[in-house]
Amino acid sequence: MSTTSTKTPQAIRGTQDIFGPDAEAFAHVVETFERVRKLYRFRRAEMPVFEKTEVFSRSIGETTDVVSKEMYSFEDRGGESLTLRPEFTAGIARAYLTNGWKQFAPVKIATHGPLFRYERPQKGRYRQFHQIDAELIGSPEPIADVELLIMADQLLKELGISDGVTLQLNTLGDAESRDAWRAALVEYFRAHKAELSEDSQDRLERNPLRILDSKDPRDKVFVGDAPKIDDFLSGEAQDFFAAVTAGLDAAGVAYERAPSLVRGLDYYRHTAFEFVTTRLGAQGTVLGGGRYDGLMESLGGPATPAVGWAAGIERLSMLVADAGVLVEAPLTVVLAVEDDAALAYAQKVITALRFQGLDAEMIATGSPRKRFDKAVKMGAKVLVSFGSKDGAPVANLRAAEPTAEYLAVEQVLQSVHP
């Protein structure tokens, strides 16, 4: 007689099963984001996990690593190229155009969920990862940038992870400023082309701003003396950035100027920002974003001003855990059913407790004599034991002192009869 053993499939590299304290930290990030976005009246949106490939190739740009190397693209049965979303902004822009959301402009949109990039997994980076995302579409005013920055700052404070996190801020100017700066960068780096890294030599003509962002030591030598955006800012661009910094000052949001902070894509304008920390090793960005006034046009829509940011939930969760933020509240009520005859009564009580907003657990299996001890070990704020007296089920409320929780449980017991 032959026996065949079935081998259990393994998880795909770069994915993770989130459970226990990690899942609680993850949920804490999402719940805090949901609470904060409601304070700022950002409207919730749920976006498709996959789009036509062109949504990303046209908006993120064919020359970027994301499009050329990292996207999960596939052909569906109809022969159309589809891609699992590597970021949120492009899909939201597509939805804004195809659903006529212009009627709500300026529209504030918030979403969160999984994203997919085929990159080398490392600490805090996965092939399926998760982000929270906030976008403000249809407002050309610097006050929109200010609102998003204050919202991000408040989120990090509410999560309890703002210590050691710095807001780095830069301006990329308007289209006119940026074009002049770009031409100066090309001229400057062309003179040093032979000494640049292979990647930067490749970027020189197509995307010279990316060289400023290079981590390669060969490039860093030249970045310090490269032309600065400030020398090319138009009066209008200077005024815009001054309004953003004035708004942050008024709101008490600390920031530092980061002249080398850039965005490689041509549709980025004016404000660019990152909240950075040294608490996650070299990979320091916690939350980042900027103004992308030229994106809608790349998708065939009219010129539409927009600004937004995104943050990795995994990264924020790691900071939450690192900061020792308590994300799993202690148990409020535990019910110990010491006599099976009282089980139905206990079931009524625990249901009523939960409807009153009190979290509760019930110990009603195993040896009846050991249930009480087991319940005590759970360390709940309030313990209720259930037994029977003269053939009728009874409940005994036990707590050291009449706390608010004790009084709430007492009220429920008075209203629920066996």
Next on the checklist: Could you go through R44 and E46, starting from their C-alpha distance and side-chain angles, then the distance that decides it, and tell me whether this counts as salt bridge (charged side-chain N to carboxylate O under 4.0 Å, His left out)?
Outcome noted: CA-CA 7 Å; R44 180 94 177 129; E46 291 292 341; 2.5 Å; yes
Indicate yes or no: does [X] engage [Y] in a salt bridge with an N to O separation below 4.0 Å.
X    : Y    : result
E51  : R94  : yes
K228 : D230 : no
D145 : R291 : yes
D174 : R178 : no
R218 : E198 : yes
E135 : K108 : no
E338 : R371 : no

Checklist entry - Given D249 and Y255, is the side chain to side chain donor-acceptor pair (under 3.5 Å) satisfied, shown in steps? => result CA-CA 9 Å; D249 290 340; Y255 59 89; 3.3 Å; yes
I'd like to check [X] versus [Y] (side-chain heavy atoms, cut-off strictly below 4.5 Å). Are they in contact?
X    : Y    : answer
V49  : R85  : yes
I12  : Q128 : no
Y268 : L209 : no
L335 : F386 : yes
T271 : L169 : yes
I109 : R43  : no
L233 : T171 : yes
F275 : L149 : yes

Item to check | E158-Q154 side chain donor-acceptor pair, cut-off 3.5 Å | outcome: yes
Checklist entry - Has R37 got its NZ or CZ under 6.0 Å from the middle of the six-membered ring of F42, at an angle within 45 degrees of the ring axis? => result no
Checklist entry - Does the ring of F232 carry R182 above it, NZ/CZ under 6.0 angstrom from centre and within 45° of its axis? => result no
Next on the checklist: Using side chain to side chain donor-acceptor pair (under 3.5 Å), reason through E274 and T285 one step at a time and then give a plain yes or no.
Outcome noted: CA-CA 6 Å; E274 286 182 0; T285 304; 3.2 Å; yes
Next on the checklist: With side chain to side chain contact (heavy atoms under 4.5 Å, CB included) as the criterion, how do L316 and V286 come out once you've worked through the C-alpha distance, each side chain's angles and the decisive distance to 0.1 Å?
Outcome noted: CA-CA 7 Å; L316 294 173; V286 176; 3.3 Å; yes
Within 6.0 Å of [atom1] in [X], more than 12 heavy atoms from elsewhere:
X    : atom1 : answer
F104 : CZ    : yes
I143 : CD1   : no
Y72  : OH    : yes
D17  : CG    : no
Q238 : CD    : yes

Whether [X] side chain and [Y] backbone form a donor-acceptor pair below 3.5 Å:
X    : Y    : value
D339 : A341 : yes
S200 : S197 : no
E87  : A90  : yes
D133 : T111 : no
R354 : A360 : yes

Checklist entry - What are the two closest heavy atoms between A375 and A336, and how far apart are they? => result CB-CB, 3.8 Å
Item to check | Taking every non-hydrogen atom, the tightest pair across P86 and F129 | outcome: O-CZ, 3.8 Å
Checklist entry - T89 and L295: side chain to side chain contact (heavy atoms under 4.5 Å, CB included), yes or no, with the steps? => result CA-CA 9 Å; T89 311; L295 172 63; 3.7 Å; yes
Item to check | Derivation of the side chain to side chain donor-acceptor pair (under 3.5 Å) call for R127 and T15 | outcome: CA-CA 6 Å; R127 288 176 175 176; T15 63; over 6 Å; no
Next on the checklist: Are F26 and H130, when compared by the centres of their aromatic rings, separated by less than 6.0 Å?
Outcome noted: yes
Checklist entry - For Q16 and E314, what are the C-alpha separation, side-chain angles and deciding distance, and is it a side chain to side chain donor-acceptor pair (under 3.5 Å)? => result CA-CA 10 Å; Q16 50 172 345; E314 283 85 355; 3.0 Å; yes
